[in-house]
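The first residue in the sequence is number 1, and the count goes up from there. All values below come from the heavy atoms of this structure, side chains included, with hydrogens, waters and symmetry mates left out.
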Amino acid sequence: MSRPLIGVTTSEVRLPAQAEPLPEGDPPQREMALGMVYMRAIELAGGLPVVLPPLGHDTIAPLLDRLSGICLSGGPDIDPDGYGEERRSPQLGPTEPDLDAYELALAQLADARGMPVLGICRGSQALNVARGGTLHQHLGDLTDGSIEHRQAARGRVPTHTVRIAPDSRLTRVMGATEAHVNSFHHQAADRIGEGLRAVAWSPDGVVEAVEDESDALFLGVQWHAESLVESSEHLALFRALVDEAEGYGAREPAVRAA
């Protein structure tokens with residue numbers, strides 16, 4: 001069987017560094033940003049990654065017609081307007097509302113088609129918002145500071161544990177009810193979206209993973225699993241995505257596009 005195509009969102013659009021451009025170089029312009037670690041994790045799991053540019057919403061359905069799975073990557077804070085709230089915290093970072101709207105629409109259409117979706121960090125938050133959930137805008141306003149959710153160590157270094165619900169799909173995928181994870185976020189799920197449930201928590205009570213209440217793979221983890229794939233339990237997340245994508249890709253086209 002051919003390897004399934006997995007679409008990966010860029011989730012971030014940056015301005016180029018303000019260095020003097022070379023005379024023969026391209027002029028400065030907004031650029032997509034996406035770590036290669038996502039690509040390598042999906043490839044290692046047996047899939048073929050495809051980067052999804054945040055273009056017009058009319059491009060989403062034709063792209064999904066050609067894909068078998070979605071990985072929502074990490075990136076900047078989601079604008080509170082996307083989940084019906086005001087900006088309450090001065091710690092809220094720069095946001096990209098147009099990018100948010102594209103990614104949420106992508107997640108919702110993939111969800112409606114029954115396409116497997118894995119969210120990483122911001123991507124996990126996007127899954128929750130796509131189902132009508134909300135976010136804590138700044139964890140420092142509600143946690144006790146015992147867990148450093150914005151670690152200084154490199155991404156390959158786990159810095160805290162998460163407790164995983166024994167009856168969850170996440171436990172079945174990872175083969176464990178506790179995992180050592182990294183942490184690069186200051187937001188997390190607050191009100192859980194429709195049809196989702198929280199299935200992992202850090203020691204200070206922050207929600208670290210959400211998943212669909214049914215057997216569908218609509219799963220988000222708050223940690224950057226793509227940087228931890230040398231550990232089998234984290235690679236298993238991407239293998240689950242690829243395995244489900246293979247099954248999705250084997251369906252009749254009319255069923256997939258329903």
Side-chain angles (χ1 to χ4, degrees), residues 8-9 11-12 35 37-38 41 70-78 80 82-83 89 91-93 95 100 103-104 107 117-131 133-165 168-171 173-174 176-193 196-212 217-229 231 233-238 240-241:
V8 187
T9 58
S11 295
E12 192 163 2
V37 284
Y38 292 97
I70 295 291
C71 177
L72 301 177
S73 66
D77 292 348
I78 296 175
Y83 45 93
S89 174
Q91 299 298 320
L92 189 71
T95 61
D100 295 346
E103 185 170 88
L104 292 173
V117 181
L118 173 66
I120 301 293
C121 197
R122 168 198 157 98
S124 179
Q125 298 164 14
L127 289 187
N128 191 52
V129 173
R131 288 280 190 92
T134 64
L135 304 178
H136 292 296
Q137 293 184 23
H138 181 58
L139 293 178
D141 296 336
L142 58 114
T143 60
D144 60 9
S146 60
I147 299 296
E148 180 54 67
H149 288 283
R150 281 176 156 173
Q151 71 183 53
R154 295 182 304 165
R156 293 181 180 178
V157 180
T159 56
H160 70 80
T161 60
V162 295
R163 173 177 57 88
I164 307 172
S168 65
R169 179 167 191 164
L170 182 59
T171 282
V173 167
M174 297 186 71
T177 56
E178 182 178 274
H180 293 269
V181 304
N182 54 23
S183 197
F184 295 95
H185 66 106
H186 79 113
Q187 299 189 314
D190 182 7
R191 186 181 73 240
I192 304 302
L196 298 176
R197 64 171 183 148
V199 291
W201 303 265
S202 55
D204 59 358
V206 170
V207 172
E208 292 277 347
V210 295
E211 69 179 28
D212 193 277
L217 186 72
F218 196 74
L219 168 67
V221 298
Q222 192 59 69
W223 61 92
H224 279 270
E226 80 283 0
S227 296
L228 300 170
V229 292
S231 297
E233 63 267 27
H234 297 291
L235 177 60
L237 292 167
F238 294 94
L241 174 62

Closest approach of Ala126 to Leu72 (non-hydrogen atoms, all atoms of both residues): CB-CD1, 4.3 Å
Quick check on side-chain contact (heavy atoms from CB on, under 4.5 Å): which of Val199, Leu219, Leu217, Asp212 does Arg169 satisfy it with? Leu217
With sequence neighbours left out, what residues match Glu211 under side chain to side chain donor-acceptor pair (under 3.5 Å)? Arg197
Looking at Thr134 and Arg191, would you say the former's side chain and the latter's main chain have a donor-acceptor pair under 3.5 Å? yes
In chain order, what residues pass the side chain to side chain contact (heavy atoms under 4.5 Å, CB included) check against Ala198, with sequence neighbours excluded? Ile192, Trp201, Val207
When you measure from the side chain of Gln91 to the backbone of His186, do you find a donor-acceptor pair of N or O atoms at a distance under 3.5 Å? no
Backbone N/O of Ser73 and side chain of Thr9: donor-acceptor pair under 3.5 Å: yes
Heavy-atom nearest pair, Leu241 first then Cys71, reads CD2-CB, 4.2 Å
Within-4.5 Å side-chain heavy-atom neighbours: Val162 and His160: yes
Indicate whether the side chain of Gln187 and that of His185 have a donor and an acceptor atom separated by less than 3.5 Å. no
Who passes side chain to side chain donor-acceptor pair (under 3.5 Å) against Asp100, sequence neighbours left out? Arg122
Please answer whether the main-chain N or O of Gln222 pairs with a side-chain N or O of Glu208 as donor and acceptor at a distance below 3.5 Å. no
Can you tell me how far the CG atom of Leu235 sits from the CD atom of Glu226, to the nearest 0.5 Å? 12.0 Å
Tell me every residue that passes side chain to side chain contact (heavy atoms under 4.5 Å, CB included) with His136, counting only those two or more places apart in sequence or in another chain. Leu139, Leu142, Asp190
Is any side-chain heavy atom of Ile120 less than 4.5 Å from a side-chain heavy atom of Phe238? yes
Over all heavy atoms of both residues, which pair between Cys121 and Gly74 is shortest? Give the atoms and the distance, please. CB-CA, 4.4 Å
On a heavy-atom basis, which atom in Ala189 and which in Asn128 lie closest, and how many Å separate them? CB-ND2, 3.7 Å
Residue pair Ala225 / Leu237: nearest heavy atoms and the distance that separates them: CB-CD1, 3.6 Å
Which heavy atom in Leu127 sits nearest to a heavy atom in Gly119, and how many Å separate them? CD1-N, 3.9 Å
Quick one: does any side-chain atom of His234 pair with a main-chain N or O of His180 as donor and acceptor, under 3.5 Å? yes
Can you list the steps and then say if Gln137 with Tyr83 is a side chain to side chain contact (heavy atoms under 4.5 Å, CB included)? CA-CA 11 Å; Gln137 293 184 23; Tyr83 45 93; 3.4 Å; yes
Does Arg131 count as lying over the ring of Phe218, i.e. NZ or CZ under 6.0 Å from the six-ring centre, within 45 degrees of the axis? yes
About how many Å separate CE of Met174 and OG of Ser231, when rounded to the nearest 0.5 Å? 8.5 Å
Under the side chain to side chain donor-acceptor pair (under 3.5 Å) test, residues paired with Asn182 that sit two or more places apart: none
OG of Ser89 to CG of Leu135: how many Å apart, nearest 0.5 Å? 12.5 Å
Mind checking what makes side chain to side chain donor-acceptor pair (under 3.5 Å) contact with Ser202, not counting sequence neighbours? Asp204
